[in-house]
Asks: 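Next up is a structure, given as C-alpha cells.
These numbers come from a predicted model, not from an experiment. Below, chains carry the letters A, B, ... as their sequence lines are ordered, and counting in each starts from 1. Only heavy atoms go into these numbers, but all of them, side chains included; no hydrogens, no water, no symmetry mates.
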Amino acid sequence: MAIDQNFYADKRNKNLLYSGSFLLFVFFFSGWLFWYNLFLEGENSNLESQIKIQEASITVLKSDKKIQVKELVDINKWALKELEKRSDVVRYIKYLKLLNSKYGINLEGFDYAWGKISTTAKISSDEGGRLAYIKLVNFIKDYRLNKDTLLDLMFVNTISGHDSIEFSANFKLK
Amino acid sequence: MNQNSKFISLLLLLISFFIIVFFTSWVFYNLQWNLDTHWKSIKNLEDKKKELLKLNELKKSLAKGLDKEIEKYAVSFREDQLSAYIYWYIEDTNGQGWFIAVKDLNFIEGKINEYGFKEGQVEISVRVSDEATLLRFLSFLTSKESQYKFFIENFSYSDTWMWWFNITIPLKIFYK
C-alpha cells in the first residue's frame with residue numbers, strides 16, 4: 001500500500017493556516033479591545049469634566065440664601081408645621097374660653113409650656129339649682145367622650161371644694 | 001521543511017496564547033472597569049442635570065417672591081428692623097379704644113439649631129390694657145401675614161384683668 005505524501009503536506013499547511021489565523025484573530029481582537037478601552041477612557045474623562053461643570057453650577061445656586069432656606073423648609077416640613085401649630089396660642093386661649101361658656105365653668109389663667117396648657121378650673125353652683133359637682137362631672141365626662149376636641153384633658157388628680165369646686169385642669173395639644 | 005512548518009505553527013500558537021495571557025486579559029480587565037465607570041458617570045451626570053434643572057426652576061420661582069413662607073425664613077436677625085416692626089404695630093393700633101406699650105425688648109442672636117436654621121430669641125415685655133388687645137398682638141406676631149417666623153413654646157398670663165397688665169412674650173425666630 002503506497003503512502004500518499006500529499007496527505008501529510010496538506011495537513012501541515014492546514015495546521016500552519018489555523019495557527020496563523022488564530023494569531024491574526026487574537027491580534028485584531030486585542031487591538032479592537034485596546035482601541036475601545038482608549039475610547040472609553042476618553043469618554044469617561046469627558047463625562048467627568050461635564051459632571052464637574054454641573055457641580056460648579058449647583059454649588060453657585062446652592063449658595064443662594066433663599067434656596068438654602070427652601071431646602072431646609074422642605075427637609076423640616078413636618079417639624080416646622082408642628083412648631084407652627086404649637087405656637088398658635090391665641091387659638092388655644094379662645095378655645096378655653098369656648099369651654100367656659102359651653103360647660104358653665106371658669107378656666108382661669110393660662111400657662112403654656114412645651115405643648116401643655118395648665119389652667120385652674122373654678123366651678124360654682126348655679127342660681128337655678130345646677131350643682132357645682134354635676135357641672136364638674138358633666139365637663140370631664142362629656143369632654144373626654146368628645147373626639148373633636150382641640151386639646152386632650154389630662155387626668156385630674158385633685159378636686160377641692162363642695163359648693164365652689166376648684167381643680168387644676170391641664171390640657172395637652174393633640 | 002516539514003519540521004519547520006510544525007515549529008512555526010507551534011510558535012504562532014504560543015505567541016497567540018502569550019498575547020491572550022499578558023495583554024488581552026489586561027485590556028479586558030481595564031475595559032470592565034472603564035465600562036462600569038462609564039455607566040456610573042452617565043447616571044451621575046443625569047442626576048446632576050436633574051438637580052441643576054430643579055434648582056434653576058426653584059430660583060426662578062423664588063425670584064418672583066411668591067413664596068411668603070420662604071421670605072420669612074430668609075430675613076436677617078436685625079434688632080433695628082425687629083424693633084421697628086414691633087413698635088410700628090403698636091403705634092399703628094393704639095388709640096382705637098385700647099392701649100399697648102412696650103416695656104422691654106430683648107434680642108438674643110441665634111446659633112444653628114437642629115433644623116439647620118439660626119434660632120434667635122426675642123422677648124417682648126409689654127403693658128396691655130385688656131385681654132383682647134393682647135390676643136390681637138399675639139395674632140399679629142404669629143399670623144401667616146407676619147413678616148417674621150415667630151414661634152411660641154411657652155407663654156403664661158393671668159386673665160383676671162384689673163387695669164394694665166404686664167405680659168412677657170418669649171418668641172423664637174428662625175432665620176438663615
Asks: Between A/Y112 and B/E153, do the side chains contain a donor N or O and an acceptor N or O under 3.5 Å apart?
Replies: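 No - no donor-acceptor pair under 3.5 Å links their side chains.
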Asks: Please determine, by modelled atom types, if B/K176 and B/S76 share a side-chain donor-acceptor pair under 3.5 angstrom.
Replies: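 No - no donor-acceptor pair under 3.5 Å links their side chains.
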Asks: Is the distance between the ring centroids of B/Y73 and B/Y175 less than 6.0 Å?
Replies: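 Not close enough - the centres of the two rings lie 6.0 Å or further apart.
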Asks: Would you mind checking which part of B/I42 comes under 4.5 Å of any heavy atom in chain A, side chain (CB onward), backbone (N, CA, C, O), both or neither?
Replies: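 When you check distances to chain A, atoms from both the backbone and side chain of B/I42 fall under 4.5 Å.
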Asks: Using only atom types and a distance under 3.5 Å, with no angle test, would you say the side chain of A/S49 pairs donor to acceptor with the backbone of A/N46?
Replies: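 Pair found, side chain donor or acceptor close to backbone of A/N46.
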Asks: Given that the side chain runs from C-beta out, which part of B/N56 has a heavy atom under 4.5 Å from chain A: side chain, backbone, both or neither?
Replies: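 Answer is both: backbone and side chain atoms of B/N56 are under 4.5 Å from chain A.
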Asks: Using non-hydrogen atoms only, which part of B/F151 is less than 4.5 Å away from chain A: side chain, backbone, both, or neither?
Replies: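 For B/F151, heavy atoms of backbone and side chain both lie under 4.5 Å from chain A.
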Asks: Can you confirm whether or not the ring centre of B/Y157 sits under 6.0 Å from the ring centre of B/F155?
Replies: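 Centroid separation for B/Y157 and B/F155: below 6.0 Å.
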Asks: Contact part of B/K40 toward chain A, heavy-atom cut-off under 4.5 Å: side chain, backbone, both or neither?
Replies: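 Looking at B/K40, nothing touches chain A.
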Asks: If I measure from the heavy atoms of chain A, does B/K72 come under 4.5 Å with its side chain, its backbone, both, or neither?
Replies: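 Nothing of B/K72, per the 4.5 Å heavy-atom cut-off to chain A.
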Asks: Could you tell me whether the side chains of A/Y103 and A/D142 share a donor-acceptor contact shorter than 3.5 Å?
Replies: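 A pair is found: one side chain offers a donor N or O, the other an acceptor, under 3.5 Å apart.
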Asks: Counting heavy-atom pairs closer than 4.5 Å to chain A, which one of B/L135, B/T142, B/L171 comes out on top?
Replies: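 Among B/L135, B/T142, B/L171, the one with the most close pairs to chain A is B/L135.
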Asks: Using non-hydrogen atoms only, which part of A/F25 is less than 4.5 Å away from chain B: side chain, backbone, both, or neither?
Replies: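 Neither part.
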Asks: So for B/S41, is it side chain, backbone, both, or neither that comes closer than 4.5 Å to the heavy atoms of chain A?
Replies: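 Both backbone and side chain.
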Asks: In plain terms, say whether A/E55 and A/K62 are close enough for a salt bridge, that is, a side-chain N and a carboxylate O under 4.0 Å apart.
Replies: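 No, no charged N to carboxylate O under 4.0 Å.
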Asks: Quick one: what part of B/L141 sits under 4.5 Å from any heavy atom of chain A, side chain, backbone, both or neither?
Replies: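 Neither; nothing under 4.5 Å.
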Asks: Check B/R78 with B/D80, please: is the shortest side-chain N to carboxylate O separation under 4.0 Å?
Replies: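 Yes, this pair counts.
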Asks: Based on non-hydrogen pairs under 4.5 Å, which of A/E41, A/E48, A/K94, A/R86 is most in contact with chain B?
Replies: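 The option with the most such pairs is A/E41.
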Asks: Is A/V89 close to chain B through its backbone or its side chain, or both, or neither, when contacts mean heavy atoms under 4.5 Å?
Replies: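 Side chain of A/V89 only, per the 4.5 Å heavy-atom cut-off to chain B.
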Asks: With a 4.5 angstrom heavy-atom cut-off, which part of A/L61 approaches chain B: side chain, backbone, both or neither?
Replies: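 Contact with chain B: side chain only.
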Asks: Under 4.5 Å, counting heavy-atom pairs only, tell me which of B/L11, B/N44, B/I19, B/L12 racks up the most with chain A.
Replies: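 Between B/L11, B/N44, B/I19, B/L12, the count favours B/L12.
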Asks: Identify which part of A/L33 has an atom lying under 4.5 Å from any heavy atom of chain B, answering side chain, backbone, both or neither.
Replies: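 For A/L33, backbone and side chain are both near chain B.
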Asks: In terms of heavy-atom pairs under 4.5 Å with chain B, which of A/V90, A/D88, A/I58 leads?
Replies: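 Of A/V90, A/D88, A/I58, A/I58 has the most heavy-atom pairs under 4.5 Å with chain B.
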Asks: Would the distance check show the side chain of B/T133 and the main-chain N or O of B/S129 forming a donor-acceptor pair, the cut-off being under 3.5 Å?
Replies: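 Judged by distance alone, no pair lies under 3.5 Å.
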Asks: Are the ring centres of B/F22 and B/W26 closer than 6.0 Å?
Replies: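 Here the rings of B/W26 and B/F22 have centres that are no less than 6.0 Å from each other.
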Asks: Name the region of A/L80, side chain, backbone, both or neither, that has any atom closer than 4.5 Å to a heavy atom of chain B.
Replies: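 Both backbone and side chain of A/L80 come within 4.5 Å of chain B.
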Asks: Under 3.5 Å, is there a donor-acceptor pair between the side chain of B/K54 and the main chain of B/K49?
Replies: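 Checked: no pair found.
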Asks: Give, as side chain, backbone, both or neither, the part of A/E84 having an atom under 4.5 angstrom from any heavy atom of chain B.
Replies: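 Answer is both: backbone and side chain atoms of A/E84 are under 4.5 Å from chain B.
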Asks: Between A/K70 and B/E69, does any NZ, NE, NH1 or NH2 come within less than 4.0 Å of an OD or OE carboxylate oxygen?
Replies: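 No, no charged N to carboxylate O under 4.0 Å.
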Asks: Given a strict heavy-atom distance threshold of 4.5 Å, which part of A/Q50 is in contact with chain B: side chain, backbone, both, or neither?
Replies: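 Both the backbone and the side chain of A/Q50 come within 4.5 Å of chain B.
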Asks: Pick from A/L47, A/N44, A/D111, A/I75: which one has the most heavy-atom pairs with chain B under 4.5 Å?
Replies: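 Among the listed options, the one with the most contacts to chain B is A/N44.
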